[in-house]
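One structure is given below, encoded as structure tokens.
We use all heavy atoms of the structure for the numbers below, so side chains are in, but hydrogens, waters and symmetry mates are not.
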Amino acid sequence: MVFSSDDLPPQLTKDVKRRNRKRRTVRSKDVEELISVATRAAHIARDKGFHVVSPEAIRCVEVLRIMRSLPLTPRLITKTNALPTLQFLATNGNPKIRSESKSLLCHLKGVLASS
């Protein structure tokens, strides 16, 4: 069985767009806004009671988890002055907010120590 060039499929070309593998950069304004949202939510959750599972406490914990997943640099951490705010949240009466902020604080200190 002989195939002519008309029977074969066209040859594949490498016109596929490659994704940029560069890490996503985070702006200090974004980090400051996340810290502000977490702090406001923690204040509202504190006013509702420490052991009440409120939507504000859940929102604060979610924001702290988002911050932990961001690729933060030591320069960005010091520029945004995030550590004092997280130390304040680490003394919060709500156990979920307290444990998540302590975890984030430990993670950021590790980032600062590795540089």
With a 3.5 Å cut-off and sequence neighbours excluded, list the donor-acceptor pairs that the side chains of residues 79-88 form with protein atoms.
unit_1	atom_1	unit_2	atom_2	d
Thr80	OG1	Leu76	O	2.9
Thr80	OG1	Ile77	O	3.3

Legend entry - Contact list for residues 89-115, test ring-ring contact (aromatic ring centres under 6.0 Å, His included), sequence neighbours left out: none
Legend entry - Result of checking Leu104, Leu108, Val111 against Leu72 for side chain to side chain contact (heavy atoms under 4.5 Å, CB included): Leu108
Legend entry - Spacing of Glu62 atom CD and Lys96 atom NZ [to the nearest 0.5 Å]: 11.5 Å
Inset, instruction - Any chance you could measure Arg46, atom CZ, to Asn92, atom CG, to the nearest 0.5 Å? - result: 7.5 Å
Legend entry - No-hydrogen, no-angle side-chain donor-acceptor test under 3.5 Å, Arg68 and Ser103: yes
Inset, instruction - Supply the atom-to-atom distance Ile44 CD1 to Thr39 OG1, rounded to the nearest 0.5 angstrom. - result: 11.0 Å
Inset, instruction - May I ask you to check whether over 12 heavy atoms, not counting those of Arg98, lie within 6.0 Å of atom CZ? - result: yes
Legend entry - Nearest atoms (heavy-atom pairs only) where Lys48 meets Ser54: CD-CB, 4.0 Å
Legend entry - Rounded distance [0.5 Å steps], OG in Ser28 versus CD in Glu33: 11.5 Å
Inset, instruction - Determine whether Leu112 and Thr78 make a side-chain contact, defined as any pair of heavy atoms from C-beta on separated by less than 4.5 Å. - result: yes
Legend entry - Spatial distance of atom CD1 (Ile97) from atom CG (Leu64) [nearest 0.5 Å]: 7.5 Å
Legend entry - Exam field: side chain Ser101 to backbone Leu89, donor-acceptor pair closer than 3.5 Å: yes
Legend entry - Gap separating the NE2 atom of His43 from the SG atom of Cys60, nearest 0.5 angstrom: 9.5 Å
Inset, instruction - Test Ser36 against Arg40 for side chain to side chain donor-acceptor pair (under 3.5 Å), laying out the working first. - result: CA-CA 6 Å; Ser36 172; Arg40 277 185 273 143; 3.1 Å; yes
